[in-house]
Amino acid sequence: MTGCLWPCVGAAVAGHGAGHRKAGLFRSKPRTPAEVVQHARDLVTYILDNKDGCGAGKRDAKHEHRMVELSKEVKEMKGILYGNGEEDPCEEACKQLTKEFFKKDTDTFRQLIVCLQYVDLETQKDITQVIANLQRQKVDSRLVASDYLETNLDLLDILMSGYGNLDIAIHYSTLLRDCIRHQVAARYVLQSPHFRTFFDHIQFPDFNVQSDVFKTFKELMTRHKSTAAEFFSKNYDWFFAEFNSKLILSASNYFIRRKAIQLLRDILLERSNAAVMVRYVSSKEHLMIQMNLLRDESIAIQVEAFHVFKLFVANKEQAPEITGILLANRSKLLRFLKDFTTVEKDDKKFEADKATVISDILALNGAEK
């Protein structure tokens, strides 16, 4: 650390010489991190109790003042947690703030999330950053946010329902993504009826919202390996039906289609999803989807589809119907692969993979005999 922003252990004016005492007689005493959180909590409580005053043209001077004060308090918390660019945050100050934030019988975390829709954009961003940081703060070697979420899982429902409000969708998506860093939260989200709505939210016309929701969706599929594997095994049929129909086949957005195929490859190649991969590459419907994508007008989509297609070809326990489709289309596939290349002409890894696929398809000729 290069310094400490806060009077970590109450030494607010330590180090000041006698010459400074008179000048400091009438200064207000610096507040502790806990006091900053307490004041923010009071302000949020007021705003939520008077949220009808947040409508256009309805705010009175008192309400406006509280909104400004809350914005300042949130910035203060952000400064404690992140530092000011010149000095590092003080570990003890961060600990004090975290303990007060998650103090028993208070609910600052929930209040700030609910309050998000009533504050200005800049404060929304600051709140999002504060909550993101608190997800990683430890007190006595424990991630207190994880303990908190375990007994307040309904907060995740609030965050998921926030996708219906475009004004806060990105912020709620970011907050949810921070929450699912904790496995208990990720498991709850995957089991929630709200999870199915992700496939619709990813279709938002707003690109920023769309890409952020997809980022959260991908995090759910890949961060906690055992939890994701359990989810796939229990929800295989409906999940991949939705995945194929809404993210790959009918998605009009190039970005989403490409990212979805990349995610599919990541899911299938994850070792903990081995059983899912075997099941997926044994489906002729899935094979036909990838073969059709190989003919997409976008080279990038073709390349991503190839990386999934090669798993069908490489499967040593190939289902007879898969072998039959590959044999029936062998000549066309070989002609296509001969000239198939990426945008980067010297992609050695891709060329090696392509050579292996060609060799495996040629070897099917022996199997046919």
Side-chain angles (χ1 to χ4, degrees), residues 199 202-203 214 217-218 221 232 235-270 273-345 347-369:
F199 291 103
I202 291 172
Q203 306 299 325
F214 188 86
F217 179 77
K218 180 180 179 180
M221 300 294 98
F232 292 132
N235 300 276
Y236 179 92
D237 291 325
W238 77 260
F239 176 81
F240 284 106
E242 289 284 281
F243 193 99
N244 289 331
S245 65
K246 293 186 177 179
L247 301 189
I248 294 179
L249 296 178
S250 64
S252 58
N253 184 296
Y254 159 80
F255 170 85
I256 291 300
R257 293 182 70 214
R258 183 179 178 184
K259 289 294 184 182
I261 302 169
Q262 287 177 337
L263 176 57
L264 175 62
R265 179 186 62 181
D266 292 343
I267 290 171
L268 297 179
L269 288 177
E270 170 54 47
N273 296 330
V276 174
M277 190 269 282
V278 170
R279 187 173 179 182
Y280 190 92
V281 300
S282 298
S283 164
K284 65 177 183 180
E285 288 80 11
H286 292 161
L287 174 59
M288 296 306 296
I289 288 173
Q290 300 306 319
M291 289 176 64
N292 285 328
L293 288 172
L294 288 174
R295 303 165 58 191
D296 196 271
E297 60 183 21
S298 164
I299 293 178
I301 294 290
Q302 290 179 354
V303 171
E304 298 301 341
F306 169 78
H307 288 303
V308 177
F309 170 75
K310 70 185 181 185
L311 300 178
F312 288 86
V313 179
N315 183 18
K316 301 303 181 183
E317 304 294 330
Q318 225 171 67
E321 59 184 3
I322 299 299
T323 305
I325 292 173
L326 294 174
L327 283 171
N329 292 275
R330 184 180 65 243
S331 297
K332 293 178 181 178
L333 285 168
L334 292 174
R335 283 198 301 271
F336 169 79
L337 290 170
K338 179 183 176 182
D339 300 320
F340 185 38
T341 185
T342 63
V343 176
E344 299 178 8
K345 304 298 182 183
D347 190 334
K348 294 182 180 180
K349 178 66 169 62
F350 173 80
E351 292 300 326
D353 286 346
K354 189 176 74 169
T356 300
V357 171
I358 290 174
S359 176
D360 287 344
I361 292 176
L362 285 169
L364 290 173
N365 190 37
E368 185 181 27
K369 292 177 180 179

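Owing to the predicted nature of the structure, the values given are computational and were not obtained by experimental measurement.
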With distance as the sole test, does [X] use its side chain to make a donor-acceptor pair with the main-chain N or O of [Y] at under 3.5 Å?
{"X": "N273", "Y": "I267", "value": "yes"}
{"X": "Q318", "Y": "F312", "value": "yes"}
{"X": "S359", "Y": "A355", "value": "no"}
{"X": "R265", "Y": "V308", "value": "no"}
{"X": "K259", "Y": "F214", "value": "no"}
{"X": "N244", "Y": "F240", "value": "yes"}

*Nearest 0.5 Å please: distance from the CD atom of Q290 over to the CG atom of L264.*
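Separation between the atoms: 6.0 Å.
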*From L293 atom CG to F306 atom CZ, the distance as rounded to the nearest 0.5 Å*: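 Between L293 CG and F306 CZ, I get 14.0 Å after rounding to 0.5 Å.
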Taking all atoms of both residues into account, what is the closest heavy-atom pair of [X] and [Y], and its distance?
{"X": "Y236", "Y": "Y280", "answer": "OH-CA, 3.2 Å"}
{"X": "S298", "Y": "Y254", "answer": "OG-CE1, 3.3 Å"}
{"X": "F350", "Y": "T341", "answer": "CE2-CA, 3.8 Å"}
{"X": "Q302", "Y": "R295", "answer": "NE2-C, 4.0 Å"}

*Option among T356, L333, N329 that satisfies the side-chain contact (heavy atoms from CB on, under 4.5 Å) test with I361*: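 So the option named by the test is L333.
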*Counting only heavy atoms not in K218, do more than 12 fall under 6.0 Å of its NZ?*
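12 or below, so no.
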